[in-house]
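Have a look at the structure below, then the notes.
Nothing here was measured: the structure is a model prediction, and the numbers come from that model.
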Amino acid sequence: MNELRVNGNVMRVEAPADTPLLWVLRADLGMTGTKFGCGLALCGACTVHLDGQAARSCVTPLAAVGNAEVTTIEGLDSREGQALRAAWQELDVVQCGYCQGGQIMGASALLRQNPEPDDDAIEAAMNGHICRCGTYPRIRAAIHLAARKLRG
């Protein structure tokens, strides 16, 4: 039996230590906002936060989580997360939406570390977050808008 801290709650799961966190979240805990994209940590659809840092859950074994607080898109209620959701809606970022949970998780980690990112900082932080619909210009604009909202 493993205990995980997920979105502020302690959850008990029975899974082998080498089970990817993604599958524990989706299959065992029913948190389907975190998506499977590639299984190789290349696309960003599975991004969650471990103690506030963006992590690819498809390659993070359950054993590596330890006592870290796991935050999924369902539990992202930080100021950054709220500002990003508002900006995403205001700028109509989403097309198919499949990657957007991971995009927002990556962007929120960026804004927590860098509240005034320029295009280069956004590009560096979001590198590896793939959007098959190609909404990158709107994603970048939404991150800038969220940063402005956070500054007041």
Discussion item. Which residues end up grouped with Met31 if you chain together Ile, Leu, Val, Met, Phe, Trp and Tyr wherever their side-chain heavy atoms are less than 4.5 Å apart?
Written reply: Leu4, Val6, Met11, Val13, Leu21, Val24, Leu25, Leu29, Val48, Leu50, Leu62, Val65, Val70

Worksheet item: Will you find, in the side chains of Asp118 and His144, an N or O donor that is under 3.5 Å from an N or O acceptor?
Response: no

Worksheet item: Is it true that a side-chain atom of Arg112 and a backbone atom of Glu80 form a donor plus acceptor pair closer than 3.5 Å?
Response: no

Discussion item. Assess whether a salt bridge exists between Arg138 and Glu90, defined as any Lys/Arg side-chain N lying under 4.0 Å from an Asp/Glu carboxylate O.
Written reply: no

Item to complete: Indicate if Met105 and Val93 have the same hydrophobic cluster label, given that clusters are the connected sets of ILVMFWY residues with side-chain heavy-atom separations under 4.5 angstrom.
Response: yes

Discussion item. Quick check: do Cys133 and Cys96 have side-chain heavy atoms less than 4.5 Å from each other?
Written reply: yes

Worksheet item: Quick one: do Ile143 and Leu150 end up in the same hydrophobic cluster if we chain Ile, Leu, Val, Met, Phe, Trp and Tyr together by side-chain heavy atoms under 4.5 Å apart?
Response: yes

Practice prompt. Report yes if the side chains of Ile130 and Tyr136 come closer than 4.5 Å at any heavy-atom pair, otherwise no.
Written response: yes

Fill in: Any side-chain donor near an acceptor of the partner, Asn7 and Thr71, under 3.5 Å
no

Discussion item. Looking at every non-hydrogen atom in both residues, tell me the closest pair between Gln103 and Cys131 and how far apart they are.
Written reply: NE2-CB, 3.8 Å

Worksheet item: Linking I/L/V/M/F/W/Y whenever their side-chain heavy atoms sit closer than 4.5 Å, directly or via other members, would Ile73 and Tyr98 fall into one cluster?
Response: no

Discussion item. If I compare all heavy atoms of Lys149 with all of Ala83, which pair ends up nearest, and what's the gap?
Written reply: CD-O, 4.1 Å

Fill in: Distance-only donor-acceptor check, side chains Ser108 and His49, under 3.5 Å
yes

Discussion item. Quick one, Leu111 and Pro117 - any side-chain contact, counting heavy atoms below 4.5 Å?
Written reply: yes

